[in-house]
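Notes follow the structure.
Atoms within each ligand, like the ligands themselves, are counted from 1 in listed order.
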Amino acid sequence: MILSVDARPYTDQTLGTSGLRKPVPHIMQPHYVELFMQSVFDVVDVAGATLVLGGDGRFFNDRAIQTILKMAVANRVSHVVVGRGGLLSTPAASALIRARKAKAGIILSASHNPGGPDGDFGIKINAAHGGPIPVSVSDAIHQRSRTCDRYQILAGDDFSLAEEGRRHVEGCLVEVVDSVRDYVGLMETLFDFDRIGDLFRSGFTMRFDAMNAVTGPYATELFHRRLGLPEASLMNQVPKPDFGGLHPDPNPHHAAALVDMVAGRSEVDFGAASDGDGDRNLIVGRGLVVSPSDSLAVIAANARLVPGYRQGLAGVARSMPTSRALDRVAASLGIPAHVTPTGWKYFANLLEAGLITICGEESAGTGSDHVREKDGLWAVMMWLAILAERRLSVADILADHWRTYGRDYYQRLDFEEVDAGAAEELMDSLRRRLPTLAGTRAGAFEVVEAGDFAYTDPVDGSVATKQGVQIISGDARIIYRLSGTGTRGATLRVYLERFEPSAERHHLPTSEALAAVRDTAMAMAEVTRFTGRTTASVVS
Ligand code: G1P
Ligand code: ZN
């Protein structure tokens, strides 16, 4: 029986950089998920369509999946493809949307944010191409949610999602699938598994940290069963609703145990980790952590060594705050390098139009045209494939890369949970001063260019403005922007970068290499005056 339920609309169902994201107690308010999903179903117009549904397994994933399934049936969706156990990594969901020609995908995740009753929950909506919906659609969903005061839902028992299978309910086919098999199959079309297996057989050692999140089952199948990595080389590979109390963000701060083992004590050749929903990655070698911007540049520079990319790259793209290391590789390959606002949706359009093959962000997201999302395990596979071909250490691959292209020292400072009003004022104040900043000096930093990044999408013509303030001084660059994924107060991100052409100066600690740029960045935006902070909450 299908019920129609009346409820009072919520007005705060805005979609940020990657969908709706809220603290768990907030999202568990009466009818909150239901009204949001009804708005999604109304805007996307799902009657008769195929949908893909799954999540990263965090607390409330199981409840939300049942609600959304029952609403999908009530909204006359004809086919729902749902991950076994309610699980789907973000890249696997993207692959499934494309393979099944679904009209949309619904991914339950707050990415790398903590889970559990006091953690965060999120709902991401993906388009038929497999990538995040464009801003026009997320705006329309928010608009609809402001007045949506009734939703349709199937009454009755929960669906069993424990095993693969198909069931018809009220004209809807509910199909439970094991996405691990499909995903590993996709990897097989891109990589030479024997060659990577040879690397492991040669004595090369690795640790992969799934951070108690969704990639555990994928990593177990891929690295252990298919490539022969000993099971003991996998860490935290069983997904847990609260991620075992860990913060599933693959950066040196939150993946400290892995980083200490590989980079600190040099006990293993190669370390990697992925985040809550499996789209981000961390790459670590003996003695060093690879910065995501460098990782992207190395992957692009070496892509032709990998079977799936042997024909070369159509082009590459990075988000504006990502270091310019990628641009140097593109220039040497003679291919276009696009610069987009932060967020994967902009890449999705470029990938879809065939303008780029590989893209990535400083925030540890790297991907290619095999799906329309960033893909953590894919990035790890790219590194493994490159290591298997070149048989050099991670440190030597980087040193060689910097010798060839120069080194872009890079660091991101996050000032978390600052007062939202103060953060806005800081940005407004910077924006007001932009016209007068060019030509000014702050120590060794002479401002050559100062602007607020705007982007016109070459594919759909949409315009995005106010995407971050960029201050450039020849070799150095400072960027300020406010996060669009935080759930508490505001997060100010300050990105620092400096190009160093000379190989003699490629071995400085990053914070030392960027000390002057950091001082300038703190002073220029008066970070302490506006936020009361003298140091960042997280440095990555
Ligand atoms: C953050 C990252 C951004 C990424 C997004 C979703 O967004 O900085 O690169 O696309 O998460 O994973 P932000 O919080 O900066 O808006
Ligand atoms: Zn993520």
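The heavy atom nearest to atom 10 (O) of ligand 1, considering only E373, R21, E361, is found in E361. Nearest residue to atom 2 (C) of ligand 1 from G484, S363, S18 is S363 (criterion: closest heavy atom). Around atom 11 (O) of ligand 1, the closest heavy atom drawn from H112, R493, R280, R412 belongs to R280.
With sequence neighbours excluded, the residues forming a side-chain hydrogen bond (donor to acceptor under 3.5 Å, both in side chains) with K124 are T90, D277, listed by chain and number. In terms of the side-chain hydrogen bond (donor to acceptor under 3.5 Å, both in side chains) criterion, Y480 has no residue partners (sequence neighbours excluded).
Ion pairing between a basic and an acidic side chain is recognised when a charged N comes within 4.0 Å of a carboxylate O; D178 and R84 show such pairing. At a threshold of 4.0 Å, the pair R488-D120 counts as salt-bridged, since one of the basic side-chain nitrogens sits closer than that to a carboxylate oxygen. A salt bridge between R207 and D209 is absent, with no side-chain N of the basic residue lying under 4.0 Å from a carboxylate O of the acidic one.
Sparse packing is recorded around CD of E449, with 12 or fewer heavy atoms of other residues, nucleotides or ligands lying under 6.0 Å away.
Seen from the ring of F499, R328 counts as a face-on cation partner, given the 6.0 Å and 45° thresholds.
Considering backbone and side-chain atoms alike, S483 places an N or O below 3.5 Å from some N or O of ligand 1.
Within the protein, the number of N, O or S atoms lying under 2.8 Å from the Zn ion (ligand 2) is 4.
The aromatic rings of F223 and F208 lie tilted to each other, with the angle between the two planes from 30° to 60°. Between Y455 and Y346, the two ring planes are perpendicular [angle over 60°; tilted spans 30° to 60°].
Using a 4.5 Å heavy-atom threshold, the side chains of S323 and Y495 count as separate.
The contact set between ligand 1 and K374, taken as ligand atoms under 4.0 Å from a residue heavy atom, comprises 4 (C), 6 (C), 10 (O), 12 (O). Atoms of ligand 1 found under 4.0 Å from any heavy atom of R481 (numbered from 1 in listed order, with element): 13 (P), 15 (O), 16 (O). With ligand atoms numbered from 1 in the order given, ligand 1 contributes 3 (C), 9 (O) to contacts under 4.0 Å with heavy atoms of T342. Of all atoms in ligand 1, listed by their number and element, those nearer than 4.0 Å to a heavy atom of G343 are 10 (O).
R98 and S94 form no side-chain donor-acceptor contact under 3.5 Å, judged by distance and modelled atom types alone.
Residue pairs meeting the salt bridge (charged side-chain N to carboxylate O under 4.0 Å, His left out) criterion with at least one partner in residues 528-540, sequence neighbours excluded, are E526-R529.
The part of T17 lying near ligand 1 is the side chain, judged by heavy-atom distances below 4.0 Å. Contacts between K124 and ligand 1 below 4.0 angstrom, taking non-hydrogen atoms only, are absent altogether.
Heavy-atom separations between G365 and ligand 1 are all 4.0 Å or longer.
When hydrogens are left out, the protein atom nearest atom 7 (O) of ligand 1 is T485 CG2, 3.5 Å; that is the closest non-hydrogen contact.
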